[in-house]
> 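The structure that follows is given in the form of structure tokens.
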Protein chains: 2
Amino acid sequence: MGKPQLDQVDRLLLGTLSTDADVSNKTLAARLGLAESTCAYRVRALREAGIITGTRAQLDLALLGYPLQAIIMVRLGSHTMTNVNQLYDALVSAPGVIQAFHVAGADDFYLHVAVENAEALRDFVLQHVTSHRVVRQTETHLVFEVRGGAGVLAT
Amino acid sequence: MGKPQLDQVDRLLLGTLSTDADVSNKTLAARLGLAESTCAYRVRALREAGIITGTRAQLDLALLGYPLQAIIMVRLGSHTMTNVNQLYDALVSAPGVIQAFHVAGADDFYLHVAVENAEALRDFVLQHVTSHRVVRQTETHLVFEVRGGAGVLAT
DNA sequence: TGTGAAATATAACGCTA
DNA sequence: TAGCGTTATATTTCACA
């Protein structure tokens, strides 16, 4: 499976689906001026090529009762491979974690979390982050707002 | 429209759909032991309540030709409301931006970006970030890996 | 690309607890 | 009020021409 060849139509399809995967094949085809069968075929091909890895429902976290978001920067004291991987596994499975970035630099992980309130945020850090021995330091930054970006297909 | 009352079934539905929104209503109902009509009704209700805001296709950015990801921290020199908002608007519409966080603390924005290579990353910062007068400083951190977290429904 | 048959989704209905 | 099962209608999916 070599590098897939993507034309402009594929990029338009991906751009649309990455914004709204609910569009029916019918309207998707009409929007791009494709035959329905062709459109369905191309979307399926993009899935089989692994370009589209899946689709996810987006949730309103505030309405769900988690109106407070934060980025928690996590710095380790020891960087053996097992330490890093075990902590990573633990962090991504902690309840409230939306995304976990393993990064280069002074910090090792950035955690994007959503919680009920400030108290829950404090408890999260204590229970799921600093409770790990290997964690040397954390820094918690309140998130005012998150916006989805234009993505890589905006050009 | 007050605060919606979510029971355990709703939380299971949301947990499933936020992981894989492609499941058919039929299998979704079977998995939770609901009648198909009930299942469809509840999902629709969650949409109408605004809990489910939409669904998005997830893309494999590396396969798409953007194998390099980074977090760019952006610090402003002036924080008037118009400055902040105008920059925010510009940043989220810059090609390659996956997400933009407006945060509290020394930095103002964290940008999660995906690019073709290191050169493109440099160009992105120069063209779409530091080119704005109001930007005083940036700090770019390479992302080794991103993982989706357990989410808020993991409990 | 177009077509047609099978599968599925949607929405409305009445019935029950 | 919420769940269920059943309809009829619309739509999607898939294999094939």
Side-chain angles (χ1 to χ4, degrees), chain A residues 1-67 95 116 148 151 153, chain B residues 1-60 63-64 148 151-155:
Chain A
M1 192 168 8
K3 184 167 284 184
Q5 200 68 336
L6 293 178
D7 61 12
Q8 188 57 25
V9 176
D10 286 317
R11 299 180 78 88
L12 286 171
L13 280 172
L14 293 171
T16 304
L17 292 175
S18 65
T19 301
D20 176 16
D22 282 325
V23 290
S24 68
N25 182 66
K26 190 173 189 170
T27 63
L28 188 58
R31 193 177 307 176
L32 300 202
L34 295 176
E36 291 179 29
S37 55
T38 309
C39 185
Y41 168 78
R42 292 187 87 125
V43 172
R44 184 151 40 106
L46 288 168
R47 285 183 178 278
E48 284 168 2
I51 308 268
I52 298 176
T53 58
T55 79
R56 300 175 167 225
Q58 304 296 116
L59 308 182
D60 186 318
L61 297 171
L63 276 182
L64 260 174
Y66 306 88
E116 294 93 325
L153 300 165
Chain B
M1 192 171 4
K3 185 168 285 186
Q5 200 69 336
L6 294 179
D7 61 12
Q8 188 57 25
V9 175
D10 286 316
R11 299 180 79 87
L12 287 172
L13 280 172
L14 292 171
T16 304
L17 292 176
S18 65
T19 301
D20 175 16
D22 282 324
V23 290
S24 68
N25 181 66
K26 190 173 191 171
T27 64
L28 188 58
R31 192 177 307 176
L32 300 202
L34 294 176
E36 291 179 31
S37 58
T38 307
C39 185
Y41 169 76
R42 289 187 88 126
V43 172
R44 182 154 43 103
L46 288 168
R47 285 183 178 277
E48 283 170 1
I51 308 269
I52 297 176
T53 58
T55 79
R56 299 175 168 229
Q58 305 295 116
L59 308 183
D60 185 318
L63 276 182
L64 261 174
V152 296
L153 300 165
T155 313

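Proteins come first, then strands; the chains are lettered A, B, ... in the order of their sequence lines, and each starts at number 1.
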> Only counting residues at least two apart or in another chain, list the ones meeting side-chain hydrogen bond (donor to acceptor under 3.5 Å, both in side chains) with B:Thr55.
A:Asp22
> In the structure I gave you, are the side-chain heavy atoms of A:Cys39 and A:Leu13 within less than 4.5 Å of one another anywhere?
yes
> CD1/A:Ile51 to CG/B:Leu64 distance, rounded to the nearest 0.5 angstrom?
5.0 Å
> Go through DNA chain C in 5' to 3' direction and return only the first and the last nucleotide with some atom under 4.0 Å of chain B's heavy atoms.
C:dT8 to C:dA11
> Atom CD in A:Glu36, atom OG in A:Ser24: separation rounded to 0.5 Å?
8.0 Å
> Report which part of the nucleic acid B:Leu34 touches: base, sugar-phosphate, or nothing (heavy-atom distance under 4.0 Å, all strands).
sugar-phosphate
> Output a table of nitrogen or oxygen pairs between the protein and nucleotides 12-17 of chain D separated by less than 3.5 Å.
residue, atom, partner, partner atom, Å
D:dT12, OP1, A:Ser24, OG, 2.7

> Nearest 0.5 Å, please: how far is CD in A:Gln8 from CG in A:Leu153?
9.5 Å
> Measuring from B:Leu12:CG to B:Asp7:CG, what's the distance to the nearest 0.5 Å?
9.0 Å
> So for the helix from C:dT1-D:dA17 to C:dA17-D:dT1, with five pairs setting each end axis, what is the inter-axis angle to 10°?
30°
> For A:Asp10, check side-chain hydrogen bond (donor to acceptor under 3.5 Å, both in side chains) against everything at least two apart and list the hits.
A:Arg42
> Answer whether the closest heavy-atom distance between the side chains of A:Leu59 and B:Leu46 falls below 4.5 Å.
no
> B:Thr53: what forms a side-chain contact (heavy atoms from CB on, under 4.5 Å) with it, not counting sequence neighbours?
A:Gln58, A:Asp60
> What is the minimum heavy-atom distance between A:Gly54 and A:Arg47, and which atoms define it?
CA-NH1, 4.4 Å
